[in-house]
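In what follows, every heavy atom counts, from backbone to side chain, and hydrogens, waters and symmetry copies are set aside.
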Amino acid sequence: MKHHRSEIAKFVTLASLALSLTLTGCSSAEPEAARNTETTGSASEERAVEPTASVPSDDAVAVITPAGNEDQDAGPVVAPVAVVPAPAPVVVPVAPAPVAPAPAVVPPVVAEPAAPSTPDASQSSTFTFPDGHISFDVPAGWSVKVEQDSYNELANLPGGKENALVAKIYNAIGYEVASISSGGTGGLVGGPVNRTIIDSQELTSFDSRDGASYFAFVRDEYPFPESPVRYYMGVVAGFFMTEGPDSTSVNSFLIMDNGAATAVAHVDVFVSPENAREWMETEQYTNLRSMLTSLRYAA
């Protein structure tokens, strides 16, 4: 029983003490808060506050919780923090690196192949080689294409290789019917034939170093069974203008001051005598004859 009373007395004592502490805290909360503020201020000054990495804005405040007063009822103390504006960025002008000028682009020079010259279809025209020595008349509607001819460097001609040219002649429907060369090199070899001259004419303005030149349409009979007969049309030197079995096989090879010249019509060399006579009545024969006889040489 005594033990029970002592427990009750202890409880009453504790309750009285708690009530007393509560009343005391209510009456002295404001002075205590003031004292705590002063104490906190002193403690804040003694502590070094580490700055944060970010820069506070103009409206930012710092909340400082008093150290050592975790058991006190006083709330946190809010103290204003001075805002330091971020320094303006400094722009350092950088001179641009020198740029080397782009190299001048020089387009390669491409030599264009010679294209056939197309004269007026209604009338004939004149073709002259670039060095100006040899010229001839081109029938109406025909065309000429110039190409590099073979050249022997040992010949050492005045015009050089660039003037060793061959003009290929095409008729109105595009067939190559003749070729005329200028400033070339080379030679010829002949053999015995029995010649018949079918048509011929001396050229008045195309003399070679061997004398007069001739347009000739001939029939040569060879002493070989493999190739007994050949027809030929071209411009030849005077020593080929012979008939009979003591003649030499014909070729167009004329020695001019600027080199060798040739002028040959592309004919069917194995035609019969009857077909040859019929061909001589055609317009193509007439045009070929007129072109070859118009050849002229200028020194």
* Indicate the atoms forming the closest heavy-atom contact of Ala167 with Val144, along with that distance. => CB-CG1, 3.7 Å
* Structure fact -> Here the pair of heavy atoms bringing Ala164 nearest to Gly184 is CB-CA, 4.3 Å
* **Neighbour count >12 (heavy atoms, 6.0 Å) for atom CD, Glu283** => no
* ring pair (Phe, Tyr, Trp, His ring centres under 6.0 Å) pairs, two or more places apart, involving residues 197-217 -> Phe217-Trp279, Phe217-Tyr285
* **Sequence neighbours excluded - ring pair (Phe, Tyr, Trp, His ring centres under 6.0 Å) pairs with any residue from residues 233-257** => none
* Residues clustering with Tyr222 (ILVMFWY side chains joined when closer than 4.5 Å, directly or via others) -> Val193, Phe224
* **Connected hydrophobic set around Tyr151, excluding itself, where side chains approach under 4.5 Å** => Leu157
* When you look at Ser125 and Asp137, which way does the side chain to side chain donor-acceptor pair (under 3.5 Å) test go after all the steps? -> CA-CA 6 Å; Ser125 60; Asp137 296 337; over 6 Å; no
* Asked: Distance from Thr185 atom OG1 to Leu154 atom CG, nearest 0.5 Å?
  -> 9.5 Å
* Structure fact -> Here the gap from Ser213 atom OG to Met256 atom CE, rounded to the nearest 0.5 Å, amounts to 6.0 Å
* To do: May I ask you to decide whether Arg209 forms a salt bridge with Asp257, counting only side-chain N to carboxylate O separations under 4.0 Å?
  => yes
* Pairs in or reaching into residues 170-199: which pass salt bridge (charged side-chain N to carboxylate O under 4.0 Å, His left out), with residues at least two apart or in two chains? -> Arg195-Asp220, Asp199-Arg289
* Should Met233 and Val235 be counted in the same cluster of Ile, Leu, Val, Met, Phe, Trp and Tyr side chains packed under 4.5 Å apart? -> yes
* Hey, mind stepping through Met280 and Asn275 against side-chain contact (heavy atoms from CB on, under 4.5 Å) and telling me if it holds? -> CA-CA 9 Å; Met280 291 176 66; Asn275 289 337; over 6 Å; no
* To do: Quickly, which of Thr293, Ile169, Leu292 forms a side chain to side chain contact (heavy atoms under 4.5 Å, CB included) with Phe136? Name it, please.
  => Ile169
* Asked: How far apart are the C-alpha atoms of Asn287 and Ser290, what are their side-chain angles, what is the distance that settles it, and do they pass the side chain to side chain donor-acceptor pair (under 3.5 Å) test?
  -> CA-CA 5 Å; Asn287 285 334; Ser290 297; 5.6 Å; no
* **Which residues share a side-chain hydrogen bond (donor to acceptor under 3.5 Å, both in side chains) with Ser247, sequence neighbours left out** => Thr242
